[in-house]
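Written out below as structure tokens is the structure these notes cover.
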Amino acid sequence: MKIATFNVNGISSRLPRVLEWLAEAQPDVACLQEIKTSDATFPERAFEDAGYGAVWHGQKGFNGVAVLARGARPTELRRGLPGDPDDTHSRYLEAQVDGVTVASIYLPNGNPQPGPKFDYKLAWFERLIQHADQLCRQAGPVVLAGDYNVVPTNDVADIYSPKSWLNDALLQPESREAYRRLLAQGWTDAIHQLHPGVAMYTFWDFFRKRWERNAGLRIDHLLLNRPAAARLDSAGVDRAVRGRDKPSDHAPAWVVLGTPARRGRT
DNA sequence: ATGCCTGTCTGGGACAGA
């Protein structure tokens with residue numbers, strides 16, 4: 001079972017790129033972020049025609065997340081994180097597909113920092129950590145996939161060079177500490193696990209020739225609870241998608257989970 | 001040192017993104 005995450009940076013203008021990627025990558029589940037469209041204008045029909053059922057949590061102009069499933073409509077489990085009824089951002093959608101619980105996550109960017117946006121990022125992160133704890137303990141497989149807006153370390157595996165980013169919200173100790181505490185619940189960072197020390201970037205800024213120079217960041221992550229991690233076969237980043245015409249500034253990242261181990265004797 | 005691009009909504013400029 002292949003599960004992917006892709007920050008599309010606006011589904012309206014990105015739709016051809018996303019459909020093209022779905023056709024070639026053939027993920028069973030695709031978590032999308034920054035669809036930047038209202039619920040009413042989500043291109044449900046286009047995904048249907050491509051063989052994907054969808055659930056989505058839209059927002060006009062900003063944010064917005066979705067979960068697609070090949071040949072099925074995901075069963076929605078939760079839209080929005082608990083813990084703040086006044087939070088109006090569409091950043092979290094949880095669904096079940098074929099026995100696997102999947103969340104599409106768009107963690108707040110947090111810039112500029114310090115400031116209210118950074119405070120919101122950290123508060124949102126705390127709510128995620130709170131909610132993720134019970135998900136991590138679930139008996140069945142759970143995958144938290146999305147744009148975490150956190151570069152986990154200064155290692156070249158995570159960032160081409162931290163120098164010009166040291167004041168950025170993505171590299172702050174508070175952001176990293178929150179990510180580390182989330183992982184400490186028992187989650188496996190799949191890309192890191194299977195490609196330690198390798199530059200597995202998922203984001204390249206549109207300007208300063210960052211793509212041409214491979215000046216990227218690893219900020220899109222797939223976190224697996226133990227039942228999911230036990231099935232982890234492979235993981236990767238579809239870099240080529242970033243190099244095409246009218247791309248998103250992110251590339252898709254993915255994991256493949258193998259068939260569940262059989263319980264008992266048969 | 002700097003949104004230097006890009007998308008969205010708007011209404012031709014502003015804001016957000018990372």
Side-chain angles (χ1 to χ4, degrees), chain A residues 5-21 31-43 46 56-66 87-92 104-125 128 146-154 157-176 178-179 199-221 237 239 241-253:
Chain A
T5 180
F6 188 10
N7 180 322
V8 300
N9 191 10
I11 193 59
S12 307
S13 54
R14 203 72 55 225
L15 190 57
R17 287 285 86 85
V18 176
L19 293 175
E20 170 184 75
W21 165 71
C31 298
L32 308 183
Q33 300 87 34
E34 277 207 273
I35 59 175
K36 293 188 180 181
T37 195
S38 62
D39 281 337
T41 49
F42 183 82
W56 60 95
H57 188 197
Q59 182 177 343
K60 191 176 181 180
F62 307 102
N63 308 319
V65 287
D87 185 2
T88 56
H89 293 200
S90 298
R91 297 180 175 276
Y92 185 90
S104 183
I105 291 173
Y106 178 45
L107 213 131
N109 169 288
N111 281 305
Q113 74 80 30
K117 292 193 172 182
F118 191 59
D119 294 342
Y120 174 66
K121 175 180 195 162
L122 296 180
W124 202 93
F125 222 141
L128 176 63
D147 177 0
Y148 284 74
N149 273 312
V150 175
V151 177
T153 72
N154 284 344
D158 293 339
I159 185 167
Y160 66 103
S161 165
K163 196 169 65 176
S164 62
W165 294 86
L166 289 174
N167 288 321
D168 194 282
L170 278 60
L171 276 71
Q172 291 316 294
E174 296 92 333
S175 309
R176 287 173 162 173
Y179 186 68
M200 299 292 285
Y201 306 144
T202 63
F203 166 84
W204 298 259
D205 220 321
F206 283 124
F207 47 80
R208 297 169 182 160
K209 304 215 180 295
R210 290 255 165 90
W211 168 248
E212 290 82 349
R213 296 163 38 220
N214 192 29
L217 314 181
R218 189 172 79 91
I219 58 176
D220 299 271
H221 308 301
V237 176
R239 288 177 59 97
V241 173
R242 178 61 180 84
R244 293 175 180 162
D245 285 340
K246 291 280 187 182
S248 168
D249 39 7
H250 295 249

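Note that the structure is predicted; figures quoted are calculated from it, not measured. Keep in mind that the numbers below use all heavy atoms, side chains included, and drop hydrogens, waters and symmetry copies. Below, chains carry the letters A, B, ... as their sequence lines are ordered, and counting in each starts from 1.
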Nearest-angstrom distance from the residue atom NE2 of A/H250 to P of B/dT6:
14 Å

When rounded to whole Å, the NZ to P distance for the pair A/K60 and B/dG7 reads 19 Å

Which whole number of Å gives the distance between the P atom of B/dA16 and that of B/dT10?
14 Å

Could you write out DNA chain B as dot-bracket? Rules: Watson-Crick or G-U wobble, both distances under 3.5 Å, brackets [ ] for crossings, | for pairs with another strand, dot for unpaired.
....(((((...))))).

In this structure, how many angstroms lie between the C1' atom of B/dT8 and the CG atom of A/N63, rounded?
12 Å

Give, ordered by number, those residues of residues 114-124 of chain A having at least one heavy-atom distance below 4.0 Å to an atom of DNA chain B; if nothing qualifies, reply none.
A/K117

Would A/N9 and A/K36 count as having a side-chain donor-acceptor pair, cut-off 3.5 Å?
yes

Between CZ of A/R210 and P of B/dG3 the distance, given in whole Å, is 12 Å

Looking at every strand, decide which applies to A/Y148 at a 4.0 Å heavy-atom threshold: base, sugar-phosphate, or nothing.
nothing

Are A/D147 and A/T5 close enough, and set up right, to give a side-chain contact (heavy atoms from CB on, under 4.5 Å), and what steps lead you there?
CA-CA 8 Å; A/D147 177 0; A/T5 180; over 6 Å; no

With a non-hydrogen cut-off below 4.0 angstrom, is A/N9 in contact with a base, only sugar-phosphate, or nothing?
sugar-phosphate

How long is the line joining CZ of A/F206 and P of B/dA16, in whole Å?
18 Å

5' precedence on DNA chain B between A/T37 and A/E34 (nearest-nucleotide basis)
A/T37

Step through the shown structure and confirm whether more than 12 heavy atoms of other residues, nucleotides or ligands are within 6.0 Å of CG on A/N167.
no

Partner of A/Q59 under side chain to side chain contact (heavy atoms under 4.5 Å, CB included), picked from A/R91, A/H89, A/E34, is A/H89

Is there a side-chain contact between A/S13 and the phosphate of B/dT8, meaning an N or O under 4.0 Å from OP1 or OP2?
yes

To the nearest Å, how far apart are A/N7 CG and B/dT6 P?
16 Å

Closest non-hydrogen contact found for A/S175 with A/A169 is OG-O, 2.8 Å

Which part of the nucleic acid does A/D147 contact within heavy-atom distance under 4.0 Å: base, sugar-phosphate only, or nothing?
sugar-phosphate

What is the nucleic acid contact for A/K246, judged by heavy atoms within less than 4.0 Å: base, sugar-phosphate only, or nothing?
sugar-phosphate

Of A/F203 and A/G10, whose closest DNA chain B nucleotide lies nearer the 5' terminus?
A/G10

Is there a side-chain contact between A/T41 and A/S12 in this structure, where contact means two heavy atoms from C-beta onward sitting under 4.5 Å apart?
no

Among B/dC5, B/dC9, B/dG17, the one nearest any side-chain atom of A/F207 is B/dC5

Between A/K36 and B/dG17, is there a contact of a side-chain N or O with OP1 or OP2 at under 4.0 Å?
no

Using 30° and 60° as the class limits, which term best fits the ring planes of A/Y179 and A/Y148: parallel, tilted or perpendicular?
perpendicular

Integer angstrom distance from the P of B/dG3 to that of B/dG17:
14 Å

Between A/W165 and A/Y160, do the side chains contain a donor N or O and an acceptor N or O under 3.5 Å apart?
yes

Will you find, in the side chains of A/T153 and A/D158, an N or O donor that is under 3.5 Å from an N or O acceptor?
yes

Could you work out the separation of B/dG12 and B/dG7 based on their C1' atoms and round it to a whole Å?
16 Å

Taking the minimum atom-to-atom distance to the side chain of A/D205, which one of B/dG3, B/dA16, B/dG17 wins?
B/dG3

Using a heavy-atom cut-off of 4.0 Å across all strands, would you classify A/H89 as base, sugar-phosphate, or nothing?
nothing

Whole-Å gap separating P (B/dA1) and CH2 (A/W165)
15 Å

Name of the residue among A/Y201, A/W204, A/F203 meeting ring-ring contact (aromatic ring centres under 6.0 Å, His included) with A/W211
A/W204

Could you check whether A/D220 gets within reach of a base, just the sugar-phosphate, or nothing at all, counting any heavy atom under 4.0 Å?
nothing

A/S248 side chain to A/N7 backbone, donor-acceptor under 3.5 Å
yes

Quick one: A/Q59 CD to B/dC9 P, roughly how many Å, whole number?
11 Å

Just checking A/S12: base, sugar-phosphate only, or nothing, at a heavy-atom cut-off of under 4.0 Å?
sugar-phosphate

